[in-house]
There are 2 protein chains.
Amino acid sequence: MVLTTQRKAIIEELKKLKTHPTADQFYEVMRRKTPKISIASVYRNLEVLSSAGMIAKLEVSGTQNRFDGDISMHYHLKCSKCGGFVDFSPKGSKTLSKSLDKVKELNMNIDNFNIVFNGLCDKCK
Amino acid sequence: MVLTTQRKAIIEELKKLKTHPTADQFYEVMRRKTPKISIASVYRNLEVLSSAGMIAKLEVSGTQNRFDGDISMHYHLKCSKCGGFVDFSPKGSKTLSKSLDKVKELNMNIDNFNIVFNGLCDKCK
DNA sequence: ATCGCTGCAAATCTTTTGCAGTAAG
DNA sequence: CTTACTGCAAAAGATTTGCAGCGAT
């Protein structure tokens with residue numbers, strides 16, 4: 001996997017966003033910067049970069065995948081009112097993280113996991 | 001929401017399956033029993049029935065939603081080798097469930113959550 | 001010169017929708 | 001009779017693919 005100029009730009013732009021865009025939303029963002037980029041390359045590169053662990057793919061939200069430039073461990077909430085998809089630190093998340101670490105430690109066959117909370121975001125509640 | 005003959009049949013068939021089918025996979029299953037059923041009705045009814053809480057929609061797996069006739073609390077694993085989607089009781093799951101209950105209890109804005117583990121299933125490991 | 005990456009357009013796959021007909025009270 | 005449900009076909013939406021050209025060693 002070659003880290004081309006385009007791929008570097010994708011990583012850089014994605015890291016700036018806190019919106020966890022879908023591939024087509026992110027295509028619109030990239031297009032403003034580099035109008036000749038194709039949607040095929042966006043799909044392809046988001047896939048390639050997430051497989052390489054350089055960005056995160058959130059395989060949770062209904063239908064479309066979402067992508068996140070922040071690859072550190074954190075949780076997400078899908079707002080049932082505004083539909084937004086936001087970073088989320090629920091009360092009790094430290095205990096939860098410990099439980100999840102423990103589960104991963106005890107079950108060697110688990111690579112990772114996806115978890116998304118559904119409810120009202122701070123703005124909507 | 002009317003619990004029509006068709007909807008009862010959908011619930012009944014889905015409860016028999018342990019494969020957590022996608023809507024189109026489930027359409028094929030239903031079609032064998034009732035050939036004139038349309039895929040539109042399958043999509044519509046899986047949506048309606050999961051909104052009514054009579055079946056579970058697993059909004060986690062990459063792209064397509066999957067459906068489960070078992071609405072009790074349990075975990076799922078997506079196998080990275082065979083692609084299967086199976087019920088899963090990891091070691092440490094009781095502690096995990098407690099942590100998750102606690103998070104829901106402490107954060108009144110959370111309705112529910114989706115969690116899926118990625119790794120090797122029993123057959124593939 | 002090579003080999004992987006990219007843009008373009010077409011193809012494919014998945015899901016939703018409009019509408020006319022049907023079913024059940 | 002009324003109202004919600006259903007099948008059909010078309011539309012819409014999302015993602016992938018073939019291929020020729022490009023770009024960076």
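Per chain, numbering begins at 1; letters A, B, ... match sequence-line order.
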Query raised in the report: Among all residues two or more places apart in sequence or in another chain, which pass the side-chain contact (heavy atoms from CB on, under 4.5 Å) test with B:Lys98?
Result: none
Query raised in the report: Could you state the interatomic distance from CG (B:Leu77) to NZ (B:Lys125), rounded to the nearest 0.5 Å?
Result: 9.0 Å
Report summary line: Side-chain atoms of B:Arg44 come closest, of C:dT15, D:dA14, D:dT6, to D:dT6
Report summary line: NZ of B:Lys78 to CG of B:Leu120, rounded to nearest 0.5 Å, is 13.0 Å
Query raised in the report: How close or far is atom P of D:dT6 from atom CG of B:Leu46, stated in whole angstroms?
Result: 12 Å
Query raised in the report: Is a side-chain donor or acceptor of A:Ser51 paired with a backbone partner of A:Glu47 at a separation under 3.5 angstrom?
Result: yes
Requested in this report: Mind checking the CG-CD1 spacing from A:Leu14 to A:Ile55? Nearest 0.5 Å is all I need.
Outcome: 5.5 Å
Query raised in the report: Among side-chain atoms of B:Asn118 and A:Asp111, is any donor-acceptor pair under 3.5 angstrom?
Result: no
Requested in this report: Please step through salt bridge (Lys or Arg N to Asp or Glu O under 4.0 Å) for the pair B:Glu28 and B:Arg31, ending with a clear verdict.
Outcome: CA-CA 5 Å; B:Glu28 289 304 328; B:Arg31 205 146 69 119; 3.3 Å; yes
Report task. Can you run down the ring pair (Phe, Tyr, Trp, His ring centres under 6.0 Å) pairs that involve residues 19-52 of chain A, sequence neighbours left out, and say none if there aren't any? Result -> A:His20-A:His76, A:His20-A:Phe85
Report summary line: The contact string for nucleotides 20-25 of chain C, one letter per nucleotide 5' to 3', using protein heavy atoms under 4.0 Å with B, S and - for base, sugar-phosphate only and none, comes out as ------
Query - Distance, nearest 0.5 Å, that separates CD of A:Glu59 from CG of A:Asn65 - result: 5.5 Å
Strictly under 3.5 Å: I want the nitrogen or oxygen pairs between protein and nucleotides 3-5 of chain C, one per line.
from	atom 1	to	atom 2	distance (Å)
C:dC5	OP1	A:Val2	N	3.2
C:dC5	OP1	A:Arg7	NH1	2.9

Query raised in the report: Got a sec? Which of residues 28-40 of chain B come in under 4.0 Å of DNA chain D, heavy atoms?
Result: B:Lys36, B:Ile37, B:Ser38, B:Ala40
Query raised in the report: A:Asn107 pairs by side chain to side chain contact (heavy atoms under 4.5 Å, CB included) with which of B:Pro90, B:Ser89, B:Ser93?
Result: B:Pro90
Query raised in the report: B:Val86, B:Met73: one ILVMFWY side-chain cluster at the under-4.5 Å cut-off?
Result: yes
Query raised in the report: Going from CZ on A:Arg7 to OG1 on A:Thr4, what distance comes out if it is rounded to the nearest 0.5 angstrom?
Result: 5.0 Å
Query raised in the report: B:Gln25 has an atom CD; how far is it from atom P of C:dC13, in whole Å?
Result: 14 Å
Requested in this report: Specify the separation, in whole Å, of atom CZ of A:Phe26 and atom P of D:dT15.
Outcome: 14 Å
Requested in this report: Starting at atom NZ of A:Lys8, determine the distance to atom P of D:dA24, rounded to an integer number of angstrom.
Outcome: 10 Å
**Report entry** Option passing side chain to side chain contact (heavy atoms under 4.5 Å, CB included) with B:Glu13 (candidates B:Lys33, B:Lys8, B:Arg32)
**Finding:** B:Lys33
Report task. Mind calculating the distance between CD (A:Glu47) and C1' (D:dT17) to the nearest angstrom? Result -> 14 Å
**Report entry** Angle of first-five versus last-five pair axes in the helix from C:dA1-D:dT25 to C:dG25-D:dC1, to 10 degrees
**Finding:** 30°
Query - Protein-nucleotide distance (A:Tyr27, atom OH; D:dT15, atom C1'), rounded to Å - result: 14 Å
